Amino acid sequence: MIDIEHVSKHYVVDGIAVPALSDVSLRVEQGEVFGIIGVSGAGKSTLVRTLNLLERPDSGRVLVDGSDITLFSKTQLRSYRRKTGMIFQHFNLIGAKTVAENVRFPLKLTGEYTTAEIEQRVDELLELVELSGHRDKYPAQLSGGQKQRVGIARALANRPKLLLCDEATSALDPQTTQSILHLLLDINRRFGLTIVLITHEMDVIRAVCDRVAVLDQGVLVEQGRVAEVLLHPQHALTRALVQESCPQGESAKISARLNLPGPLLRLTFLGAITHQPVLQRIAAAFALGFNIIEGVIGHIKETPYGQITVQVIGAVPDLARLEAAFGEHSVRCELVQP
Amino acid sequence: MSSEVFTILGSLDWSDIGLATLETLAMVGGSLLFTVILGLPLGVILFLTGPRQPLAHAQIYAVLSLLVNLLRSTPFVILLIVLIPFTVALIGTSIGVPGAIPPLVIGATPFFARLVENVLREVDRGIIEASQAMGATLPQIVFGALLPETFPGLLAAVTVTAITLVSYAAMSGVIGGGGLGDLAIRFGYQRFQTDVMVITVAVLLLLVQVLQVFGDRLVLRFSHK
Ligand SMILES: Nc1ncnc2c1ncn2[C@@H]1O[C@H](COP(=O)(O)OP(=O)(O)OP(=O)(O)O)[C@@H](O)[C@H]1O
Ligand SMILES: [Mg+2]
């Protein structure tokens with residue numbers, strides 16, 4: 001659906017060129033939730049804003065369904081933007097308009113709908129975001145989560161094919177964040193809407209994204225399926241971001257502290273296998289004991305996963321055979337410490 | 001003491017004062033109308049062509065800004081006198097209520113336009129960006145987002161301008177503009193009738209007070225913060 005090809009962008013601050021994006025290329029598939037993660041100043045906002053040309057790249061192409069949006073005329077760009085929703089960290093609602101008026105605004109812009117159609121659509125949208133009871137309130141009278149729901153209703157008004165989210169949950173508390181993320185996921189499923197979201201929190205990526213790209217100082221350093229990137233991060237920054245959201249990988253330090261003998265293995269479970277007693281089966285088959293040193297079990301989007309570090313207790317067999325045995329159960333096994 | 005005050009007040013020609021008050025109201029109302037009609041678009045254009053705004057244009061902004069500053073830095077009394085030929089050419093007279101309106105409008109428009117620009121600058125950039133992201137045209141952004149969002153601020157700017165116009169209108173009495181200023185000059189100053197002067201100032205004060213309270217009420221009524 002979207003192909004970002006070799007996009008670069010710099011800003012000029014006090015006469016000095018500051019690069020914000022350097023030769024970024026990525027592809028977003030139709031219907032997926034694509035996450036872009038990075039620390040503050042990495043260029044995430046700049047990148048997502050090139051997708052509706054709120055920022056124009058210096059070079060490179062932004063292809064949406066095959067057409068380069070950087071070549072669009074003003075009129076083409078406007079109609080493209082009307083089919084591309086965007087939500088913001090600080091909601092950007094019009095404070096002088098009620099909830100219903102805010103949602104009505106994008107519908108009135110097109111000049112395509114009759115008043116009755118607009119009113120019906122507003123009702124539908126407010127129902128979708130569960131704000132029907134608040135239609136005549138002003139933004140100042142709403143909570144952050146409610147404001148973002150208005151933002152979402154407004155962004156969806158013209159039935160966009162693509163939704164851009166610039167730190168949509170960063171101003172919200174954890175619980176509200178969850179409810180907004182659920183709403184986004186629900187919309188993604190129900191309407192097959194493609195979502196590109198940026199965040200600095202791995203938890204957000206884990207909760208809703210199918211694929212993720214990691215941005216570091218304007219450079220794309222890693223991208224792939226969320227499970228792959230989360231469970232086997234390659235780049236140092238990715239590892240740091242994963243650590244931040246769920247501290248792990250302290251095994252080496254722990255074993256040194258406890259002076260643990262025997263090899264340490266990291267086992268990664270993904271999918272239904274997570275809930276199977278694999279460890280026990282293998283322990284029985286090899287007449288071994290496993291001592292769990294640390295680990296996490298959770299969900300990536302809706303897929304269960306687990307990643308644990310175990311100390312092998314007993315007569316250690318051929319490690320290759322052990323690895324193969326785990327492999328048969330689709331459990332990935334890596335040697336952390338011999 | 002109190003009977004003395006009564007005799008002073010009793011000797012006044014109240015119908016003169018009433019008439020002068022009506023004239024002042026007409027001058028303020030008429031010039032306020034034209035000031036808003038001219039100053040609002042000027043203020044919007046100043047804002048839009050300003051740095052980092054949707055129509056950012058350094059030269060146009062610089063020229064408009066200079067023009068506004070020039071008119072604002074000229075003392076109003078000077079403006080009144082300089083504009084006499086222009087006013088005569090425009091409406092055929094430079095005295096009375098009609099004659100006072102063109103200089104009042106020209107004096108107040110740049111002031112109001114600058115207030116409008118400042119009010120618009122207070123709008124969160126995010127609102128303009130969100131509108132752009134929705135595919136709004138510039139007129140749609142201005143009329144659909146910027147002006148509604150700043151409506152209370154614009155009302156406050158109109159209030160301040162109206163009050164400024166009250167004092168400008170009084171000043172235009174110097175060149176025979178009519179109204180309370182004219183009365184103060186002719187009776188209070190030239191004929192040494194201090195009581196007329198005092199009453200004139202009291203009426204002007206009352207006018208300013210009423211405008212301010214009324215303006216504040218309106219602002220509050222339309223504010224949804
Ligand atoms: N309008 C601008 N003018 C000048 N520099 C800018 C502008 N916008 C962004 N930058 C710079 O470009 C770089 C990338 O900024 P960007 O806003 O894309 O980062 P971000 O990853 O979204 O950060 P954050 O998480 O803080 O929002 C930063 O160094 C920033 O200072
Ligand atoms: Mg940002």
Side-chain angles (χ1 to χ4, degrees), chain A residues 11 45 48-49 51-55 72 74-99 101-112 136-142 150-151 154-158 160 162-167 171, chain B residues 40 43-44 47-58 115-116 118-159 215-225:
Chain A
Y11 294 102
S45 295
V48 79
R49 289 155 62 91
L51 294 177
N52 60 4
L53 292 193
L54 280 183
E55 299 293 350
F72 278 177
K74 275 192 171 174
T75 324
Q76 282 175 312
L77 180 58
R78 265 201 299 276
S79 62
Y80 165 72
R81 282 174 169 174
R82 283 171 186 170
K83 286 285 174 196
T84 304
M86 186 164 196
I87 55 176
F88 304 85
Q89 179 173 4
H90 298 294
F91 325 120
N92 297 351
L93 302 176
I94 299 175
K97 291 186 193 279
T98 63
V99 168
E101 286 166 349
N102 267 287
V103 178
R104 202 177 287 139
F105 185 48
L107 292 165
K108 278 166 59 176
L109 295 179
T110 67
E112 280 172 25
D136 296 321
K137 287 197 179 162
Y138 288 91
Q141 298 167 296
L142 301 178
V150 180
R154 181 176 73 170
L156 296 180
N158 285 315
L162 171 64
L163 179 66
L164 308 174
C165 311
D166 187 345
E167 302 263 8
Chain B
L40 186 62
V44 170
F47 168 74
L48 291 176
T49 56
R52 297 182 60 229
Q53 300 304 343
L55 286 181
H57 193 297
L115 291 181
V116 169
N118 286 336
V119 168
L120 292 175
R121 275 195 195 168
E122 289 299 307
V123 176
D124 188 344
R125 280 193 75 75
I127 286 181
I128 299 179
E129 276 177 357
S131 311
Q132 284 173 329
M134 280 182 246
T137 61
L138 194 63
Q140 286 173 330
I141 295 174
V142 171
F143 293 103
L146 282 178
L147 294 183
E149 185 70 356
T150 52
F151 192 60
L154 294 174
L155 283 176
V158 171
T159 306
D216 288 348
R217 285 262 172 88
L218 274 185
V219 171
L220 212 59
R221 160 79 184 70
F222 288 101
S223 173
H224 299 290
K225 289 271 179 254

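Small disclaimer: the values here were computed from a predicted structure and weren't measured. Each chain gets a letter, A, B and so on, in the order its sequence line appears, and its residues count up from 1.
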Distance-minimising heavy-atom pair for B:Glu149 and A:Ala96
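Reported closest heavy-atom pair: OE1-N, 3.0 Å.
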
Where A:Leu109 and B:Gly135 come nearest, the two heavy atoms and their spacing |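 Closest approach of A:Leu109 to B:Gly135, heavy atoms only: CD1-C, 4.4 Å.
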
Once rounded to the nearest 0.5 Å, what's the spacing between atom [atom1] of [X] and atom [atom2] of [Y]?
X        : Y        : atom1 : atom2 : answer
B:Ile127 : A:His90  : CD1   : NE2   : 13.0 Å
A:Asn92  : B:Ser131 : CG    : OG    : 9.0 Å
A:Leu53  : B:Gln132 : CG    : CD    : 11.5 Å
B:Ile141 : A:Phe105 : CD1   : CZ    : 7.5 Å

* Asked: Within the distance-only criterion (no hydrogens, no angle test), does the side chain of A:Lys97 pair as donor or acceptor with the backbone N or O of B:Gly144 below 3.5 angstrom?
  ->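 Yes; judged by distance alone, with no hydrogens or angles, the pair exists.
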
Q.
So for A:Leu54, is it side chain, backbone, both, or neither that comes closer than 4.5 Å to the heavy atoms of chain B?
A.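 Side chain only.
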
- Query: Side chain, backbone, both or neither: which part of A:Leu93 has an atom under 4.5 Å from a heavy atom of chain B?
  - Reply: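 Backbone only.
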
Task: Partner chain A: residue of B:Ser223, B:Ala136, B:Pro152, B:Pro148 with the largest heavy-atom pair count (under 4.5 Å) - done: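 That would be B:Ala136.
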
*Check the surroundings of atom CZ in B:Arg217: do more than 12 heavy atoms from other residues, nucleotides or ligands lie under 6.0 Å from it?*
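No - once you tally the heavy atoms of other residues, nucleotides and ligands closer than 6.0 Å, there are 12 at most.
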
Practice prompt. Step through the shown structure and confirm whether more than 12 heavy atoms of other residues, nucleotides or ligands are within 6.0 Å of CZ on B:Phe143.
Written response: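 12 or below, so no.
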
Heavy-atom check, side chain of B:Met134 versus side chain of A:Arg154, under 4.5 Å:
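A side-chain contact under 4.5 Å exists here.
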
Check your understanding: Passes salt bridge (Lys or Arg N to Asp or Glu O under 4.0 Å), B:Glu129 versus A:Arg49? Steps please.
Key -> CA-CA 10 Å; B:Glu129 276 177 357; A:Arg49 289 155 62 91; 2.9 Å; yes

